[in-house]
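Throughout, protein chains are lettered first and strands after them, A, B, ... in sequence-line order, and every chain is numbered starting at 1. None of the values given here were measured: they were computed from a predicted structure.
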Amino acid sequence: MRRAASTAWSTTSPPSRPRPSNGSNHIVTVRTRYAPSPTGALHIGNVRSGLFAYLFARHNGGEFVLRIDDTDQERSTQESLEEILESLRWLGMEWDKGPPESRYFQSSRFDRYREGALQLLRDHKAYPCYCTAEELDAKRKQAEREHRKPGYDGKCRGLPFAADLALPDKRAGRNYTIRFRSPRTGETVVADHVKGRAVFDNAELDDLIIFRSDGVPTYNFATVLDDADFGITHVVRGDDHLPNTPRQMQIFYALGLKPPEYAHLPLVMGPDGQKLSKRHGATSVFAYREAGYFPEALLNYLARLGWSHGDQEIFSKPELIEYFDFAACGKSAGIFNAEKLLWLNFHYMKERPLPQLAREVRPFIERAGYQRIPGGEAWLEKMIATLRERAKTLVELVDFARFYLSDAITIDPKAAAKFLKPEIAEPLKALAQEIESIESIDGGFSEAAVQAAFERVLERFGMKLGQLAQPVRVALTGGTVSPGIYEVIAVLGKAPTVARLRAALERVESAA
RNA sequence: GGUCCCAUCGUCUAGUGGUUAGGACACCGGCCUCUCACGUCGGGAACGCGGGUUCGACUCCCGCUGGGAUCACCA
């Protein structure tokens with residue numbers, strides 16, 4: 001049994017001990033991590049794996065660490081890092097350990113990776129490889145042509161090397177890579193929390209590069225050292241990493257360390273059944289935030305994609321934490337369903353306390369180009385109340401609010417042709433008068449008062465509500481679709497209502 | 001192609017040997033109604049195929065088929 005001697009831990013920088021979170025010194029038995037690389041936006045397929053890691057940690061009262069995998073200096077950017085951090089904060093996936101603390105950036109841990117590589121070299125569990133990238137590439141292509149497996153052929157594996165071999169560093173003229181000497185025989189078993197048992201034949205594992213010729217460690221190596229040093233107990237990630245797992249486990253063994261437990265989650269696919277990516281359209285967390293989605297909806301949707309708790313569809317974050325369990329995770333990939341996310345968003349739209357919704361909608365109003373909001377906080381809430389059941393996103397809500405937010409409404413010609421006909425002139429005129437005579441407080445009045453005004457006009461002209469409501473709707477909103485007409489008028493207020501009614505009247509009369 | 005993973009309505013899923021196979025999104029229809037929505041009621045819609053095991057398989061086993069992931073000096 002390849003068990004790590006417990007003393008092996010002492011040769012590494014010891015994992016930070018769990019902070020006494022509430023004064024008690026309970027031992028953290030679960031510590032998960034999410035390790036995005038700052039090479040682009042935070043992708044929703046990717047963040048879902050992070051969410052599951054987060055939920056598992058929280059469910060077990062453990063810790064969630066955020067690590068930034070930025071060994072790829074060329075592709076990593078500050079903007080991406082900030083977007084990732086902001087996205088996680090927005091989603092409410094707060095981390096216990098991580099940025100801004102520098103040790104959670106791989107780029108700050110190069111000394112540690114060097115030390116690890118040197119250890120492996122010393123133990124002859126790694127060796128220098130002098131093959132060039134071009135040479136390797138050619139061999140790979142050749143192998144593919146001949147239908148052989150494209151892995152490294154082990155050319156440099158048997159070469160002797162100095163016990164105190166220096167690590168590669170192109171600038172210092174040491175142009176070679178360090179390869180891990182992977183065992184040739186036996187098998188590596190991944191006892192996965194969601195996939196179950198996956199067995200890999202070690203003969204399939206080739207010797208992977210752990211240090212590049214420029215002296216930068218590669219992902220598979222850095223991640224092992226990090227997971228070990230930070231005391232990660234459960235590696236929760238997408239199942240695209242499953243093929244890497246036996247390699248990483250072998251590195252743990254070679255280092256004299258015990259691998260963590262693993263949970264590989266199925267990936268999120270696009271509608272075409274392929275791994276979700278940029279070409280499927282909006283896939284970043286930011287894109288959804290900007291499109292007017294709520295973090296609760298995204299979180300709920302992502303959690304429910306590949307995980308379930310009976311027939312329940314709506315989950316608050318505390319519920320997610322309480323119920324989360326790997327056993328309830330599905331094993332097969334799920335297709336991202338934008339419609340269902342929309343439905344969830346709609347659900348949270350309806351549930352939201354009005355004051356909160358009002359606060360959240362303001363930036364969207366501003367972004368839509370409106371200079372000012374016609375009323376105060378109470379007015380805004382009233383307006384939102386009439387629209388929230390008709391909009392699925394904040395962007396949509398603002399879009400519907402057009403006729404509330406600006407007096408410059410444009411009347412749809414088709415609607416006008418159908419409803420603003422000469423015979424409606426008199427009723428419209430009467431209604432304008434009725435509305436004008438309603439007692440108002442600060443220009444506002446009640447729906448009931450509006451209804452009474454309508455009823456008087458209806459009776460006088462012997463009309464049905466529908467015959468009057470549609471023309472009025474066109475006059476006030478410019479179209480045939482809107483919230484209830486009494487509501488619209490109550491929100492709009494006296495002056496704008498009368499003004500629009502008169503404007504429509506003019507239009508009718510000039511057309512006649 | 002090698003290796004690994006996966007397989008219930010179009011989609012997300014419940015199901016853990018005996019169910020009229022349940023729910024949700026979407027879709028269709030009724031009701032409500034000043035329009036549109038909301039709401040509500042109802043409807044169509046699934047166990048990939050073939051072998052076993054068993055008194056009995058959606059459920060267990062094997063094979064096939066199909067889908068996916070991965071095979072970098074990316075992560």
**Report entry** Ala333(A) vs Asp201(A), nearer the 5' end of RNA chain B by closest nucleotide
**Finding:** Asp201(A)
Requested in this report: Could you tell me which nucleotide pairs with rC60(B) by Watson-Crick or G-U wobble geometry, both distances under 3.5 Å, or answer none if nothing does?
Outcome: rG52(B)
Query raised in the report: Looking across every strand, which nucleic acid part, if any, lies under 4.0 Å from Arg145(A) by heavy atom: base, sugar-phosphate, or nothing?
Result: nothing
Requested in this report: Give me the one residue out of Arg157(A), Arg181(A), Lys155(A), Lys125(A) that meets salt bridge (charged side-chain N to carboxylate O under 4.0 Å, His left out) with Asp207(A).
Outcome: Arg157(A)
Query - Euclidean distance for P, rA24(B) against rG44(B) (whole angstrom) - result: 15 Å
Query raised in the report: Looking across every strand, which nucleic acid part, if any, lies under 4.0 Å from Phe346(A) by heavy atom: base, sugar-phosphate, or nothing?
Result: sugar-phosphate
Query raised in the report: When the P atoms of rU54(B) and rU16(B) are considered, how many whole Å apart are they?
Result: 24 Å
Exercise answer: donor-acceptor pairs, residues 267-275 of chain A side-chain atoms, under 3.5 Å, sequence neighbours excluded:
unit_1	atom_1	unit_2	atom_2	d
Asp272(A)	OD1	Gln274(A)	N	3.1
Asp272(A)	OD1	His280(A)	NE2	2.7
Asp272(A)	OD2	Arg279(A)	NH1	3.2
Asp272(A)	OD2	His280(A)	NE2	3.2
Lys275(A)	NZ	Asp240(A)	OD2	3.4

Query raised in the report: Going by distance alone, is a donor N or O of one side chain under 3.5 Å from an acceptor N or O of the other, for Asn202(A) and Glu187(A)?
Result: no
Query - Residue pair Tyr113(A) / Asp226(A), side-chain donor-acceptor N/O under 3.5 Å - result: yes
Report summary line: Whichever of Arg48(A) and Lys350(A) has the more 5' nearest nucleotide on RNA chain B, that residue is Arg48(A)
Query raised in the report: Which is true for Gly306(A) with a 4.0 Å heavy-atom rule: it touches a base, it touches only sugar-phosphate, or it touches nothing?
Result: sugar-phosphate
Query raised in the report: Does the side chain of Arg67(A) come under 3.5 Å of the side chain of Thr223(A) through a donor N or O and an acceptor N or O?
Result: yes
Query raised in the report: Is the distance between the ring centroids of Tyr301(A) and Phe336(A) less than 6.0 Å?
Result: yes
Query raised in the report: If you measure only the distance, is there a donor-acceptor pair under 3.5 Å linking the side chains of Glu447(A) and Gln451(A)?
Result: no
**Report entry** Protein proximity profile, nucleotides 69-75 of chain B - base contact B, sugar-phosphate-only contact S, no contact -, cut-off 4.0 Å on heavy atoms
**Finding:** SS-SBBB
Report task. Round to a whole Å and report the spacing from CG of Asn300(A) to C1' of rU13(B). Result -> 14 Å
Query raised in the report: Across the strands shown, which category fits Val472(A) at heavy-atom distances under 4.0 angstrom: base, sugar-phosphate, nothing?
Result: nothing
Requested in this report: Provide the Watson-Crick or G-U wobble partner of rU20(B), both distances under 3.5 Å; none if there is no partner.
Outcome: none
Query raised in the report: If we call it a pair only when both distances are under 3.5 Å in a Watson-Crick or G-U wobble match, what pairs with rA69(B)?
Result: rU3(B)
Query raised in the report: Can you give one letter per nucleotide of nucleotides 18-35 of chain B, going 5' to 3': B for a protein heavy atom under 4.0 Å from the base, S for sugar-phosphate only, - for none?
Result: ----BBBSS-------BB
Report task. State yes or no: are the ring centers of His193(A) and His234(A) separated by less than 6.0 Å? Result -> yes
Requested in this report: Determine which nucleotide pairs with rC31(B), using a 3.5 Å limit on both distances of a Watson-Crick or G-U wobble pair.
Outcome: rG39(B)
Query raised in the report: What about the rings of Phe52(A) and Phe324(A), do their centers lie closer together than 6.0 Å?
Result: yes
Query raised in the report: How close or far is atom C1' of rG39(B) from atom CD of Glu389(A), stated in whole angstroms?
Result: 8 Å
Requested in this report: Counting Watson-Crick and G-U wobble pairs only, both distances under 3.5 Å, name the nucleotide matched with rG44(B), or none.
Outcome: none
